[in-house]
**Q** 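I'd like to ask some things about the structure below.
Note on naming: letters A, B, ... go to the chains in the order of the sequence lines (proteins, then strands), and numbering restarts at 1 for each one. Just so it is clear, the values below take in all heavy atoms, side chains as well, and ignore hydrogens, waters and symmetry mates.
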Amino acid sequence: MQASPVRLRRDDTDVDVVVIGGGVNGVGVARDASQRGLRVALFERNDLAFGASGNSSGMIHGGPRYLTNDPHVTETSCRDSGHIQAIAPHLLFRIPFLAPVERSARSRVMFTLMDAFFEAYDRYQPFKRGKRHARLSADELRQLEPGLAGDLMGGFSMDEWGIDGARLCVANAVDAMERGAKVYVGHTVERVERREDTGAVVAVRYRDRHTGAGGRLRTSVVINATGAWSSITAALGGLPPTASRVRPGKGIHIVYDRRLTSYAIMGQTIDGRQIFMCPWENVTVIGTTDDDFYGDLDGVRANSEEVRYLVQGIARVFPAIRNARAIGTYAGVRPTLHAYGPSEDELSRDHQIIDHAVHGAPGLFSMIGGKLASYRLFSEEMADVLAKHFGIGLRCATHVTSLPGGDATVDPFALAERAGIDAVAARRLVYRHGSRALHVEERMKARPREAVAVCPCEPVTEAEVRYTVRHELARTVDDVSRRTRLGLGACGGMRCAARCGQIVASERGLPPREGMRQAINFLERQALTRVVALGPEQARQEALAIASVRSELGLMGDDDLATAPAWRQIAQSEPGEQSAHSRAQGEVVCPDP
Amino acid sequence: MPRSVIVIGSGVAGTAAAWGARGRGSKVVLVSAGAGASAFAGGAVDDVPWEQRTRAAHALGLEAHATAAKLPGALLEFVGALGVWDVPAARGCYLATMAGRVRPARGRDRALLDLEALGRGGRVLLPRVSRPGWDADALARALGDDPFAKALKLQFEAVDAPVLRFDEERRVTDADLAARHDDPARLAWLGESLRSAVAEGTGVAAVLLGPWLGLGLGRADKLAALVGLPVGEALIGAGSPAGLRFEVARDALFKAGGIEVISRRVRAVGVAGGDASGGTARFAVSLEEKDASLRADAVVLATGGVSGGGVIYTPAEHGAGADLPSGGRVPFALSLTAPVRLGDGRGALEATSSLFGPALDTVAWPTGSRQSLLEAVGVQCTGIRAAHGLFAAGDAIAARPRTVLEAAATGWHAGVEAASTG
């Protein structure tokens, strides 16, 4: 890991560019700008991929949905999907879709229209190495997926790619850091300081949300890549919120305990929206809704009405879904381009860069809208603006430079044998980390006991948990879960959350009780996301989990303990403890400025 | 003629009910469909939930825990007859959990290490064992950091001492590993191994292991005798061999007490027809895969709550397929048909005014001292009485504390009442 020696463009600043937001666009532009030799600092209020990037449908699809309204969005998405595939091949997996057509009075016309539609989409498929669509008879459909119901007249196949959005963000952030960028997670920007006369950006004031420590970093350029938070961020720079306006659209997904089908299946909601059920990594995901959102962006959760609306739509084509076991939900808020009037689905998925010089704030830019599938292109466009701003001639190379782990393939079976872990664990490890899985393997070789599985559902080894804390900016059990899917399986973290908390605490040199507190928080939050999709099979597991956590971990937060005078006394009488595992100085990837 | 009592369910509550009714001279038949929450339990024997105990310690000071509430004699007698638990008459105990906490409990499975009994200021050794969930170093650090451990002045230390004999034992389940320690030779080997580890240190008070000390009773005590120090397990929340040990003790109790056990699922408890002139049993209990039904004067429902499988979550939408659900309904049901109502402690459950199911958004996790809906749902009772001659016990009762001693107490009480009420 070496930081390329970069020269600051101006001597009255600490960094050239401050990026606000650790979603895919933020880390994407941080990576691109760092690659072009700019000195970048990125601030993320929560965690990388905390918002829409980590809670998307997990596909870099071209969005045939947008073909009618925004054909160029489809094209750019498909082109960029191809690039993402080239730079991070380990993170992609093929998802073949089936789109059944129900027999009705106008189904013949419908079928022809859809055929033409997919024909049009086929033109973009080569950009992302996708296969052409195929017309299927009702029998062929049922042969491919026997669970399909309804009076079908036929259907189509379509090819898309799945991706783990959180892993994509982490890979970009790690690459940016390795090129010299500083990434501050859990740090919120409180104010963007501007000159009184010219309005130009001079610095950002930030605060570590955990320790409360604040700081100031001088910069001449600030990029607001905060997605749905965009208007709030603009206001921090003294602009009216309308200067960086999005129309936040909440989307939820339901997760089932395993891959229920081999193909993704398209369905329609009661109000005629396209939804899907899709085998994704080792679970099945149903999505998604699109509703205007007015709530707290830091605590977005699905509710049972949204869940029932989606299940109803899927049950029409795949009735067995009602008996399947839902093990969770997740929700995010899209930063769609603003328009007043159209329904959520009609809104453009295009992206746009706002140069706030027009609002009297030179140096402040907002990245608005966009899609996971075209984040790289969006970042490139933003970095082009930066290059022009700083007068550097370097062209974008993010589409030809591999993301961390994407440079070479690793044979999971050989790795399994070498590291003494089972083949499934190795496969999942290689999926998440690509060639960097070898770094995790090194840890396991050096300390064989780290090869023990912490989370048996996913599975995740102790070595990987430690690796994410040390090299991927994970600070809490939640962060580890976002990066590894630890605790998101059928047991809901009942087995692994406490253990993961211990490891995180030991790796970060925190007292074990802090790890325990993180574990309880994680379990509680996960329970709230699971319950809105609760079904009969999950109910008993849920009750067992409550009983188990009650007896082993306790349901009281540590804050409860801290408020009691007797406890405080004990806590004060004990000297602070230093963990044997606190990390060596040189390994700190993100030192305080 | 002695009264006949049918007990449904063979967890802690059902066992206590059968024992109580048999003790009053009734003819007892116990029907069980298999493992429930008691078989999964971790071995902590609580009277009130742990949080409640800890809150009391906040308010009254740490030593408040040392003076535990006295238990009724009949309950202690049942605990003694069962033999798998230790519930000290006048004090509580402290258990180490696999999650790294030191927690108070009223009693414990005898194989669990009681930290309270160690006195103050000793060292507890944790052998390093390469198994998932057992990281002796991290666990020792976490336990040592716990306020209760500090109050007890206990230190926890990871040590190297062989516990596994074969490589494949790194991957077998806790119960499988525990079963291997039922072999006296193996237990002796482990005792030898721990003894040499203990001999190397000074001030060692006890040895803490994972939940691996036998499915039979008394293995931990035997091991302690071999080592010359207390040796015991840490508590694991679910799936502990403690549940299996309870089952072993329970079966022995049934055998000794002449309690007939039928391993079947009960389909329905109905009021039996017949003349009122006397002699006819009040209830008819029909079993799955059996035409004839059993008859009894009284029935005890000890079928458990949602976690035990006695109460089932049945929203209207489940199984509705592509169509609309058939109608609004009560979202929970007893696993069998019986003339009782379900409640959640705030009244009887009603059909939801929704074709799909209840609003779920707020029922997931217990908040403060309030139980979650999934914990609270059970049969509506006055005390233990659900209907005339029909009793409920343990988790089957709505909104009672979900603890072992509560199950035993309500079970015993229900059994006695069933045996005596006319």
**Q** Check each atom of A:E524 against the heavy atoms of chain B and say whether the ones under 4.5 Å are side chain, backbone, both or neither.
**A** both
**Q** Are the side chain of B:H318 and the backbone N or O of A:R322 linked by a donor-acceptor pair below 3.5 Å?
**A** yes
**Q** Could you look at B:V377 and say if it's the side chain, the backbone, both or neither that has a heavy atom under 4.5 Å from chain A?
**A** neither
**Q** Given that the side chain runs from C-beta out, which part of A:R495 has a heavy atom under 4.5 Å from chain B: side chain, backbone, both or neither?
**A**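 For A:R495, the side chain is the part near chain B, not the backbone.
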**Q** Just by distance, do the side chain of B:T97 and the backbone of A:E552 share a donor-acceptor pair under 3.5 Å?
**A**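 It does hold such a pair.
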**Q** Taking NZ, NE, NH1 and NH2 as the nitrogens, is one of them in A:R308 or B:E317 under 4.0 Å from a carboxylate oxygen of the other?
**A**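 Judged by the 4.0 Å cut-off on N to carboxylate O distance, A:R308 and B:E317 do form a salt bridge.
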**Q** One thing to verify: whether B:D146 and A:R513 come together as a salt bridge, which I'm taking to mean a side-chain N less than 4.0 angstrom from a carboxylate O.
**A**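 Answer for the salt bridge query: no.
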**Q** Ignoring hydrogens, what is the shortest heavy-atom contact between A:R540 and B:V306? Give both atom names and the distance.
**A**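 The pair with the smallest heavy-atom distance is CG-O, 3.2 Å.
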**Q** State plainly whether the residues B:E375 and A:R550 are in salt-bridge range, i.e. N to O under 4.0 Å.
**A**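 A:R550 and B:E375: salt-bridged.
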**Q** Could you tell me whether a side-chain N or O of B:D145 sits under 3.5 Å from a main-chain N or O of A:P511, the two making a donor and an acceptor?
**A** no
**Q** So which heavy atom on A:P319 is nearest to which on B:A322, and how close?
**A**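 Smallest interatomic distance, heavy atoms only, reads CB-N, 3.8 Å.
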**Q** Ignoring hydrogens and geometry, is there a side-chain-to-backbone donor-acceptor pair from A:R499 to B:G133 under 3.5 Å?
**A** no
**Q** Using a 3.5 Å distance criterion without hydrogens, assess whether the side chain of B:R103 forms a donor-acceptor pair with backbone atoms of A:S551.
**A**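 The answer is yes, because a donor-acceptor pair under 3.5 Å joins these two groups.
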**Q** Contact part of A:E537 toward chain B, heavy-atom cut-off under 4.5 Å: side chain, backbone, both or neither?
**A** side chain
**Q** Checking B:D323 against chain A: side chain, backbone, both or neither under 4.5 Å from a heavy atom?
**A**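 The backbone, not the side chain.
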